[in-house]
Protein chains: 2
Amino acid sequence: MLTDEYRYKILKLVQSNPEISQRELAKELGVSLGKVNFCLNALIKVGLLKVTNFRNSKNKLAYMYLLTPVGIEEKAKITLRFLKNKMKEYEVLESEIRILSNEIATDSQSKLFRD
Amino acid sequence: MLTDEYRYKILKLVQSNPEISQRELAKELGVSLGKVNFCLNALIKVGLLKVTNFRNSKNKLAYMYLLTPVGIEEKAKITLRFLKNKMKEYEVLESEIRILSNEIATDSQSKLFRD
DNA sequence: GCTAGCTCGTTCATTAATTGAACACACTAA
DNA sequence: TTAGTGTGTTCAATTAATGAACGAGCTAGC
C-alpha cells in the first residue's frame, strides 16, 4: 500500500541519493523488498519518479531514480500533508497520555484505599 | 492480533460497562466483529476476563463480561506499559515534526531563491 | 572463451491479519 | 405459532506484506 508515509520517505531518500537500490531502500524503511518495489513503481507510474539506466564510474550498468518536476512539486505537498497528519497525531497522543496518566493515578489511589 | 492497545481498550470498556456486546465493542473500537470476538476470547483464555450468562431486568438471557482479579491487576500493568509506549511515540513524533518543519522551511526558501 | 560470483529489479506463492455475511440459539411480541 | 430482534460464533474471502527465487548484466580469475 502506498501511503503518504512511503511517498514522503521514498521521495526523500531518492532525492538525497538517486543511486540508492531497492534493497537499500527496504533496509532504510524497514519494509520488505517487495513492498519497496511496489511503491517505487507506483510513484513512477503516477509520474513523480523516473528511472534511468546509466553507466557509472566503473562503466557498470546502474539505476538512477530521479524526481520529475511534478515529483518535486508533489513532494512539497506530500511533506506538508504528512506534517499536518503528524501534528494531529501529536495532539491525539497528548490527550491519550493525559487520560492514561489519570487512569493510572486513579487506580493506584483506589489501591491505597483498598489496602 | 491481540496487542496492548486492544488489551487496554477492551478491558477498559468492559470494566466500565460489563454488559457491552461484541458489536458495540467493535463499533467503539472501530474494528470488525470478528476481531473483537477473537480478542475477547483471547482475554478470557488467559484469564483476564470471564463471561457470565444471566437474566437481565427483562428476564432475558444476557451476557456479562467481568474482569477477574488477575484481570484487574493486569489491566493496571497493561495501562502503564501502554502509556510508556505512547510517551515514546510522543517523543518520536516530536522529533519527526521538527524535521518535517525544517524540510518544509528549507524547501520554500530554495523556492524563493529559484523564482 | 568460460565460469563463478555479485548486484540489479522483478515476480509470486505464502503467510498474516482482518473483515463481515451467514448462522444457530434464545427470547419477546403479535 | 410465527416473525422479529439481539446474542456470540464461524469461516471463506480479501487485503497487505513478505522474502526466496529468478533472469539479466556485469567483473574477475582461470
Side-chain angles (χ1 to χ4, degrees), chain A residues 1-11 13-68 71 82 85, chain B residues 1-11 13-68 71 82 85:
Chain A
M1 237 201 127
L2 179 56
T3 60
D4 267 356
E5 178 179 0
Y6 292 102
R7 285 190 193 93
Y8 161 71
K9 288 183 177 175
I10 290 177
L11 290 176
L13 285 168
V14 163
Q15 197 170 36
S16 72
N17 176 16
E19 296 185 40
I20 195 169
S21 73
Q22 295 188 6
R23 279 171 181 80
E24 283 174 310
L25 275 172
K27 200 173 201 176
E28 204 78 38
L29 300 177
V31 298
S32 70
L33 177 57
K35 179 165 179 173
V36 164
N37 183 265
F38 175 82
C39 291
L40 213 43
N41 284 316
L43 289 173
I44 291 169
K45 198 172 196 173
V46 296
L48 303 195
L49 278 185
K50 64 179 183 229
V51 59
T52 334
N53 291 23
F54 75 109
R55 304 280 159 172
N56 68 12
S57 54
K58 293 169 190 158
N59 198 35
K60 189 177 170 185
L61 190 65
Y63 290 81
M64 188 157 65
Y65 299 98
L66 291 174
L67 273 71
T68 63
F82 190 50
N85 264 321
Chain B
M1 236 200 125
L2 180 55
T3 59
D4 267 356
E5 178 179 359
Y6 291 103
R7 285 191 193 91
Y8 162 71
K9 288 183 176 174
I10 291 177
L11 290 177
L13 284 168
V14 163
Q15 195 170 37
S16 72
N17 176 16
E19 296 186 40
I20 195 168
S21 73
Q22 295 188 5
R23 280 171 181 78
E24 284 173 309
L25 275 172
K27 200 172 201 177
E28 203 78 39
L29 299 178
V31 297
S32 69
L33 177 58
K35 179 166 179 170
V36 164
N37 184 264
F38 174 83
C39 291
L40 213 44
N41 283 317
L43 288 173
I44 291 169
K45 198 172 196 174
V46 296
L48 302 195
L49 279 184
K50 66 180 182 228
V51 57
T52 335
N53 292 23
F54 74 109
R55 303 281 159 173
N56 67 13
S57 54
K58 293 167 189 158
N59 198 35
K60 189 177 170 184
L61 190 63
Y63 290 81
M64 188 158 66
Y65 299 99
L66 291 173
L67 274 70
T68 63
F82 190 51
N85 265 321

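Throughout, protein chains are lettered first and strands after them, A, B, ... in sequence-line order, and every chain is numbered starting at 1. Given the structure is predicted, the values throughout are model-derived calculations rather than measurements.
- From A/Leu48, atom CG reaches atom CG of A/Leu40 across 11.0 Å, with rounding to the nearest 0.5 Å.
- The interatomic distance linking A/Gln22 (CD) with C/dC6 (C1') rounds to 17 Å, in whole Å.
- Rounded to an integer number of Å, the gap from OH of B/Tyr6 to C1' of C/dA17 is 11 Å.
- Applying the 4.0 Å criterion to OP1 and OP2 of C/dT7, one finds that A/Tyr63 has every side-chain N and O outside that range.
- Across residues 26-51 of chain A, A/Leu33, A/Asn37, A/Asn41 each have a non-hydrogen atom less than 4.0 Å from an atom of DNA chain C (numbered order).
- What separates CG of A/Leu2 from P of D/dA17 is a distance of 10 Å, to the nearest Å.
- Judged as a side chain to side chain contact (heavy atoms under 4.5 Å, CB included), and not counting sequence neighbours, A/Asn85 has no contacts.
- Under the rule for a side chain to side chain contact (heavy atoms under 4.5 Å, CB included), B/Lys27 has no partner lying at least two apart in sequence or in another chain.
- Listed by chain and residue number, nothing satisfies the side-chain hydrogen bond (donor to acceptor under 3.5 Å, both in side chains) test with A/Glu28 (two or more places apart in sequence, or in another chain).
- Across the protein-nucleic acid pair, B/Tyr65 atom OH and D/dG8 atom C1' stand 6 Å apart, rounded to whole Å.
- Every residue two or more places apart in sequence or in another chain that forms a side chain to side chain contact (heavy atoms under 4.5 Å, CB included) with B/Lys9 is listed here: B/Glu5, B/Leu29.
- The distance between atom CZ of B/Arg23 and atom P of D/dG8, rounded to the nearest whole Å, is 7 Å.
- Contacts of A/Asp4 classified as side chain to side chain contact (heavy atoms under 4.5 Å, CB included), with partners at least two apart in sequence or in another chain: A/Arg7, A/Ile78, A/Arg81, A/Phe82.
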